[in-house]
Amino acid sequence: MTAEAEDRFIDLRNEPADPGRQRDRTLRLRRLSKLEKMGLATEHAPGVWELSERMEPTLRELGERGDIIRNMHKALKADGLDRDPTTFQLHDAAPEVPIVGRVVDKYLTDELGENLTVVVDGIDGRTHHLPGIDPARIEDARIGSVVEVGPAETASRPSDRTIATIAEGGVYRPSRHLEQAKFEGRVPGGDYDGYVDAHVRRLEALRRAGIAERIDADQWRIPEDFESRAAAYDAGRNRQANIRILSATRLEQQIGADGATWLDRRLISPEMSDLAPTGFGQQVRDAIDRRREHHIERGDATPGPNGGAIYRRNLLATLRAREIERIGGEMAATKNLPFRAASDGEKVSGKFTGTVQLSSGKFAVVEQSHEFTLVPWRPVIDRHLGKEVSGIAQGGSVSWQLGRQKGLGL
């Protein structure tokens with residue numbers, strides 16, 4: 001229709017004598033009437049219409065939106081789900097309020113593989129379409145995994161806080177920072193020069209952004225609002241949503257799992273107001289009830305008032321240790337290497353040989369010549385795969401001491 005419009009005007013005042021062309025004119029008038037209701041066409045006189053300059057991009061956007069909704073329906077159906085289309089929420093950017101739910105679809109948005117689109121069936125009763133996700137952040141998430149998708153990280157870096165603390169009178173001096181670092185002695189490996197150099201490199205990046213000013217080799221001018229401006233600079237460069245995997249295990253599998261699951265963390269929290277009484281929110285409510293009964297049957301809880309339960313002390317730690325012992329024993333049989341669980345406060349050392357995904361989370365496999373152990377994984381350890389690592393097990397986590405860490409705390 002737009003191809004035939006001269007300067008966006010269409011003249012349909014003359015009714016053709018040919019019946020076929022009459023039907024075509026009638027169809028065009030109906031289409032123009034629909035476009036008028038959409039605010040994309042205007043009838044200036046009987047049979048004389050003007051098309052809006054926004055018509056093509058608007059219709060293209062509506063077509064893309066229709067394709068997205070059809071794909072969302074298809075993904076939900078493949079997972080055995082049926083959701084009201086009015087609950088579909090299509091996001092153009094990272095959500096301002098974190099969204100929690102299960103992944104029902106994920107696919108590459110561009111040919112370069114730099115962006116991923118994720119469809120999340122939320123506990124808020126809505127189904128969310130979230131583009132622009134960093135693939136590396138959701139690598140371990142499968143269809144059915146429970147995730148939290150939130151706004152891009154805007155918190156200040158530890159290095160920025162350190163620079164602001166060291167600065168006196170709005171001036172940061174690397175030489176003073178080096179003296180203080182050596183005095184405190186908190187840099188693993190003793191690489192104090194590398195530690196301070198990393199902060200200087202950060203300042204150089206912020207200088208190019210107009211936030212810091214280099215006076216000379218040992219003086220940098222720092223503004224009063226340095227931390228907030230540095231955080232805003234990072235947020236401007238990183239507009240991708242922040243995504244966190246809450247559980248790689250599907251909801252149904254968590255109900256009878258022997259590990260510490262996401263359901264257990266929800267179970268021991270009295271807060272239920274974020275769970276909608278429909279959709280995935282209702283499914284989570286039902287799963288929590290079934291998980292509670294599972295704990296009562298296993299002796300990890302006793303019935304409480306009003307349908308609740310009283311759980312054993314340190315429930316999450318107990319479940320985590322139970323699953324680690326079971327999985328460790330199974331792995332020992334295939335590795336022909338004894339398994340030993342790491343105790344709290346113990347130093348863990350050996351070769352980092354891989355990872356294993358449990359109901360309790362992702363764990364690193366650390367092997368010695370005579371035994372191996374499983375300890376909670378953190379992203380910082382990935383670049384040390386196949387190398388010797390060491391750390392202190394503490395409170396269900398590990399404080400890794402990975403040698404000469406230039407840029408520590410950045």
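Residues: numbered from 1 along the sequence shown.
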Is there a side chain to side chain contact (heavy atoms under 4.5 Å, CB included) between V147 and V120? Walk through the geometry before answering. CA-CA 8 Å; V147 299; V120 175; 4.2 Å; yes
Set out, in order, the CA-CA distance, both residues' side-chain angles and the distance that settles side chain to side chain contact (heavy atoms under 4.5 Å, CB included) for T261 and R265, then state yes or no. CA-CA 7 Å; T261 68; R265 296 193 291 275; over 6 Å; no
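Seen from the ring of F352, K387 does not count as a face-on cation partner, given the 6.0 Å and 45° thresholds.
Rounded to the nearest 0.5 angstrom, K74 NZ and I69 CD1 are separated by 16.0 Å. Considering CG of L358 and CG of L374, their distance stands at 6.5 Å, rounded to 0.5 Å. Here the CG-OG1 distance, from D121 to T87, works out to 8.0 Å after rounding to the nearest 0.5 Å. Going from atom CD of E227 over to atom OG1 of T162 covers 9.0 Å, rounded to the nearest 0.5 Å. Here the straight-line distance linking atom CD1 of I166 with atom CD1 of I222 works out to 11.5 Å at 0.5 Å rounding. The line from CD1 of I215 to CZ of R221 is 4.0 Å long, rounded to the nearest 0.5 Å.
Remark: R298 does not engage E293 in a salt bridge, criterion side-chain N to carboxylate O under 4.0 Å. With respect to E168 and R176, a salt bridge is recorded, a charged nitrogen being found less than 4.0 Å from a carboxylate O. Between R202 and D160, at least one side-chain nitrogen of the basic residue sits less than 4.0 Å from a carboxylate oxygen of the acidic one, meeting the salt-bridge criterion. Note on D300 versus R292: no salt bridge recorded, every NZ/NE/NH1/NH2 to OD/OE distance being 4.0 Å or above. Ion pairing of R28 with D24 is present here, as a side-chain N (NZ or NE/NH1/NH2) and a carboxylate O approach within less than 4.0 Å. For D218 and R173, the salt-bridge test fails: no basic side-chain N is under 4.0 Å from an acidic carboxylate O. Residues E204 and R214 are not paired through a salt bridge, judged by the lack of any N-O separation under 4.0 Å between the basic side chain and the carboxylate.
Between V398 and I392, every side-chain heavy-atom pair lies at or beyond the 4.5 Å cut-off. Taking 4.5 Å as the limit, some side-chain heavy atom of L32 sits within range of a side-chain heavy atom of L12. Inter-residue side-chain proximity for W262 and T249 is flagged as unmet; no heavy-atom pair is nearer than 4.5 Å. Side-chain contact between R312 and T302 is absent, with no heavy-atom pair separated by less than 4.5 Å. At least one side-chain heavy atom of L81 sits less than 4.5 Å from a side-chain heavy atom of R102. Residues Y233 and I211 meet the side-chain proximity criterion, which asks for heavy atoms closer than 4.5 Å. Side-chain atoms of V375 and W400, non-hydrogen and from C-beta on, do get closer than 4.5 Å to each other. The shortest distance between side-chain heavy atoms of H384 and V380 does not fall below 4.5 Å.
Side chain of E323 to main chain of S360: a donor-acceptor pair is present (N/O by atom type, distance under 3.5 Å, no hydrogens or angles). Side-chain N or O atoms of D191 include one that pairs as donor or acceptor with a backbone N or O of G194 at under 3.5 Å. Between the side chain of R378 and the backbone N or O of S397, no donor-acceptor pair lies under 3.5 Å. Side-chain atoms of R229 come within 3.5 Å of backbone atoms of G210 as a donor-acceptor pair (strictly under, hydrogens ignored). No donor-acceptor pair under 3.5 Å is formed between the side chain of N306 and the backbone N or O of G308. With S145 contributing its side chain and A248 its backbone, the two residues share a donor-acceptor pair below 3.5 Å. In this structure a side-chain-to-backbone donor-acceptor pair under 3.5 Å is present from R291 to Q254. A donor-acceptor pair is defined here as one N or O able to donate and one able to accept, closer than 3.5 Å; no such pair exists between the side chain of T42 and the backbone of H44. Side-chain atoms of K335 never come within 3.5 Å of backbone atoms of E330 as a donor-acceptor pair (strictly under, hydrogens ignored). A donor-acceptor distance shorter than 3.5 angstrom exists from the side chain of T373 to the backbone of R340, with no hydrogens or angles considered.
Between the side chains of D11 and W49, no donor-acceptor pair is found at a separation under 3.5 Å. If you check the side chains of Q89 and H129, you find no donor sitting under 3.5 Å from an acceptor. Under the 3.5 Å distance criterion, with hydrogens and angles disregarded, a donor-acceptor pair is assigned to the side chains of T353 and E367. For H295 and D264, the side-chain atoms include at least one donor-acceptor pair closer than 3.5 Å. Between the side chains of S343 and E346, at least one donor N or O lies within less than 3.5 Å of an accepting N or O. Checked by atom type, the side-chain pair D286/Q283 shows no donor-acceptor distance below 3.5 Å.
E325 and A341 get closest at one heavy-atom pair: OE2-CB, 3.6 Å.
Under a cut-off of 6.0 angstrom, the local environment of NZ in K362 is crowded, with over 12 non-hydrogen atoms contributed by other residues, nucleotides or ligands. R326 CZ: more than 12 foreign heavy atoms inside a 6.0 Å radius. The environment of E96 atom CD is sparse: at most 12 non-hydrogen atoms of other residues, nucleotides or ligands sit within 6.0 angstrom. For D216, the CG atom is densely surrounded, since the number of other residues' heavy atoms within 6.0 Å is greater than 12. Under a cut-off of 6.0 angstrom, the local environment of CG in D344 is crowded, with over 12 non-hydrogen atoms contributed by other residues, nucleotides or ligands. Summarising the local packing, CZ of R244 is surrounded by 12 or fewer heavy atoms from other residues, nucleotides or ligands at distances under 6.0 Å.
A ring-centre distance under 6.0 Å is found for H177 and Y195.
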